[in-house]
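Dropping a structure here in structure tokens format, bear with me for questions.
No experiment lies behind these values; they were computed from the predicted model shown. Remember, it's 1-based here, ligands and their atoms both numbered in the order they're listed.
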Amino acid sequence: MWVYIDKIADFVDKEVIIKGWLYNIRSSGKLMFPEFRDGTGVIQGVVAKNGVSEKIWEDFGKLTQESSLIVKGTVSKHPKKEGVYELQVSDLEIVAIAEPYPITPKEHGVDFLADKRHLWLRSPRQMAIMRVRNEILQSIRDFMYENGFTLFDAPIFTPNACEGTSTLFSTDYFDLGKAYLSQSGQLYAESGAMALGKVYTLGPTFRAENSMTRRHITEFWMMEPEMAYFDIDDDMNLIEDFLSYVVQRVIKNKRQELEFLGRDLTKLEKVVKPFPRVTYDEAVEILRKKDIPLIRKTANGEEQIRPFPWGEDFGAPHEEAIVEDFDKPVMVHRWPSEAKAFYMKRDPDNPKVALGVDVLAPEGFGEIIGGSQREDNLDFLLERIKEHNLPMEEFEWYLDLRRYGSVPHSGFGLGIERLVSWICNLEHIREAIPFARRPNRIRP
Ligand code: 4AD
Ligand code: MG
């Protein structure tokens with residue numbers, strides 16, 4: 001019977017078939033120890049020269065790394081290691097002998113591995129990350145479903161900008177002029193919330209940012225819930241419930257993968273609500289106390305500005321300094337309205353700040369979520385669109401949401417790859433998605 005390696009414990013003393021690839025092979029005289037992988041795990045086989053036909057013995061000798069094969073054998077418990085199983089091989093069918101495999105257990109440079117990403121994905125570390133990513137996405141979908149949200153897919157071709165006009169990718173769209181690749185499904189999600197109450201989008205989004213940082217890709221996946229009648233506090237409550245659920249469920253279901261990746265799970269176990277809530281003003285105080293300057297690029301290098309000026313956005317060193325004293329995600333709320341998107345509602349108690357919230361992951365992983373309460377007043381929204389020099393005609397449909405039964409509403413956007421990077425403790429976001437797109441990389 002064909003079984004998968006992750007279910008092998010149920011087949012001790014039984015004869016099974018495994019379909020997969022050769023991961024590695026060692027031999028010692030009359031024994032060979034091939035390691036097979038099938039996508040769900042790796043199992044060591046034992047081939048005894050006097051236990052198989054001469055042809056099978058010779059065929060094993062021909063196998064190269066990543067050759068594809070179908071093997072038959074009896075499952076046994078490893079004589080010394082608890083919870084480890086072996087396959088006492090009785091038969092082998094070679095499906096395809098692999099050419100000399102470019103990725104070997106020795107160290108390769110990241111550029112080489114990125115060029116070979118289509119093969120690099122077969123390595124145990126990359127497979128572990130992909131399984132964690134899968135669990136994250138599944139837990140997001142389950143949380144949203146269980147909590148009454150309707151999945152509401154937003155288009156990717158759009159005629160307008162959501163997050164500022166400087167990071168748009170454009171393409172020709174038949175006779176209709178330029179279309180842009182969506183930076184965010186939010187504006188469409190808002191129309192969904194006015195129809196269905198609580199919705200979320202989940203799909204690829206695009207930013208033409210020429211940044212080569214460890215946290216930026218040009219094509220990333222975003223999950224964006226949008227809720228009618230939620231204010232900024234309701235939004236933050238949802239973020240806490242949601243993130244606690246996802247992190248705890250991933251620890252529960254993907255412990256083995258996370259341990260394999262060397263993740264310190266005690267740190268993730270602390271990610272349970274409530275999360276600290278810090279206003280932007282308080283965050284600036286923290287930066288000033290720690291004497292973290294704003295760094296501004298100038299013609300002849302860099303300029304350090306002290307104390308950190310109110311109104312500026314935070315960069316990586318600021319985010320790190322803010323989260324340093326906490327062991328949970330930190331929700332920074334009430335941002336200078338000038339620094340934020342046109343759709344954010346001003347705080348009625350202080351119009352200099354917008355009702356926005358950014359969630360900063362612990363351990364210096366930076367912003368994983370950006371959200372806000374939305375401007376629900378038609379006249380204020382018209383002003384904002386003018387201030388931001390956005391083409392009014394493209395926002396007419398969006399303004400209709402304020403003309404026909406406008407209600408307070410809020411939402412947020414979670415960057416999937418940022419979340420994967422944090423949960424898996426990845427140095428670089430390029431490992432968090434099967435095929436990362438960066439300013440200098442579109443292949444493979
Ligand atoms: O903060 P952002 O720009 O917010 C929005 O797009 C809102 N429309 C969301 C909403 O309220 N519905 O992006 C949200 C998140 C960021 O916090 C970050 O996690 C991720 O998207 N993100 C990126 N991830 C990887 N590479 C990039 N270049 C990213 N830009 C944003
Ligand atoms: Mg943001």
Side-chain angles (χ1 to χ4, degrees), residues 133 136 140 144 149 152 154 158 160-169 180-193 198-227 230 232 234-236 238-239 242-243 246 280 313-316 318-319 329-333 335-336 339-345 354-361 365-375 398 409-423 426 428-433 436-439 441:
R133 180 183 166 105
I136 288 173
I140 290 172
M144 300 318 273
F149 285 76
F152 187 81
T158 66
N160 51 20
C162 178
E163 297 298 324
T165 48
S166 62
T167 62
L168 288 168
F169 280 112
Y180 303 108
L181 299 185
S182 181
Q183 299 166 310
S184 156
Q186 178 195 321
L187 306 185
Y188 296 97
E190 288 185 50
S191 74
K198 292 199 286 186
V199 298
Y200 72 106
T201 70
L202 178 50
T205 45
F206 304 84
R207 304 274 166 103
E209 277 170 293
N210 202 347
S211 355
M212 291 296 292
T213 78
R214 299 180 295 137
R215 305 282 170 241
H216 287 86
I217 40 183
T218 54
E219 175 179 337
F220 61 97
W221 280 62
M222 187 149 53
M223 193 288 281
E224 296 181 271
E226 193 70 34
M227 299 74 64
F230 268 46
I232 184 72
D234 299 323
D235 206 24
M236 289 196 273
L238 176 68
I239 290 173
F242 163 78
L243 264 188
V246 171
Y280 173 85
D313 207 350
F314 301 145
H318 310 108
E319 293 178 342
V330 177
M331 299 197 280
V332 181
H333 61 101
W335 289 75
K340 290 289 180 187
F342 77 96
Y343 52 72
M344 287 194 188
K345 188 176 178 65
L355 296 174
V357 55
D358 275 9
V359 180
L360 308 181
F365 279 89
E367 179 195 332
I368 52 172
I369 285 179
S372 69
Q373 183 167 341
R374 320 305 189 186
E375 183 52 75
Y398 181 67
H409 62 289
S410 301
F412 64 86
L414 162 81
I416 301 295
E417 291 74 22
R418 297 263 181 101
L419 182 62
V420 172
S421 297
W422 165 45
I423 291 183
L426 306 181
H428 200 291
I429 195 167
R430 79 176 120 231
E431 288 184 298
I433 184 167
R437 295 290 176 244
R438 307 179 67 219
R441 179 163 299 275

Taking non-hydrogen atoms only, is Glu226 closer than 4.0 angstrom to ligand 1 via side chain, backbone, both or neither? neither
With atoms numbered from 1 as shown, which atoms in ligand 1 lie under 4.0 angstrom from a non-hydrogen atom of Glu224? 7 (C), 8 (N), 9 (C), 10 (C), 12 (N)
Verify the distance criterion only: is there a donor paired with an acceptor across the side chains of Arg207 and Thr205 at less than 3.5 Å? no
At under 4.0 Å between heavy atoms, what of Ile217 touches ligand 1? The answer is both
Quick check: does Glu367 put an N/O/S atom under 2.8 Å from the Mg ion (ligand 2)? yes
Closer than 4.0 angstrom: is that true for some heavy atom of Arg374 and an atom of ligand 1? yes
Closest to atom 1 (O) of ligand 1 among Glu367, Met223, Met344 (heavy-atom distance): Glu367
In ligand 1, the atoms that come under 4.0 Å of a heavy atom of Glu209 are 28 (N)
Per-atom contacts, ligand 1 versus Met222 - under 4.0 Å to a heavy atom: 6 (O), 13 (O), 14 (C), 15 (C), 21 (O)
As an exercise, state the distance from CD of Glu224 to OG1 of Thr201, rounded to the nearest 0.5 Å. 4.0 Å
Of all the atoms in ligand 1, which lie at a distance below 4.0 Å from a heavy atom belonging to Gly370? 1 (O), 9 (C), 10 (C), 11 (O), 17 (O)
Name the orientation class of the two ring planes belonging to Trp335 and Tyr280 (parallel below 30°, tilted from 30 to 60°, perpendicular beyond 60°). tilted
Atoms in ligand 1 flagged as close to Ile369, the criterion being non-hydrogen separation under 4.0 Å: 17 (O)
Are any of the heavy atoms in Glu417 under 4.0 Å away from ligand 1? no
From Trp422, Tyr343, Phe220, Tyr200 - option closest to atom 31 (C) of ligand 1 by heavy atom: Phe220
If you measure every N/O of Cys162 against every N/O of ligand 1, is any gap under 3.5 Å? no
Show the atoms of ligand 1 that are less than 4.0 angstrom away from any heavy atom in Ser184. 6 (O), 8 (N)
Considering only heavy atoms, does Arg215 approach ligand 1 within less than 4.0 Å through its side chain, its backbone, both, or neither? backbone
What do we get for Thr218 next to ligand 1 when only non-hydrogen atoms under 4.0 Å count, side chain, backbone, both or neither? neither
Going by heavy-atom distance to atom 6 (O) of ligand 1, choose the closest among Gln183, Arg207, Gln186. Arg207
Heavy atoms only, cut-off 4.0 Å: how does His216 contact ligand 1, side chain, backbone, both, or neither? both
Side chain or backbone of Glu190 under 4.0 Å from ligand 1, or both, or neither, by non-hydrogen atoms? neither
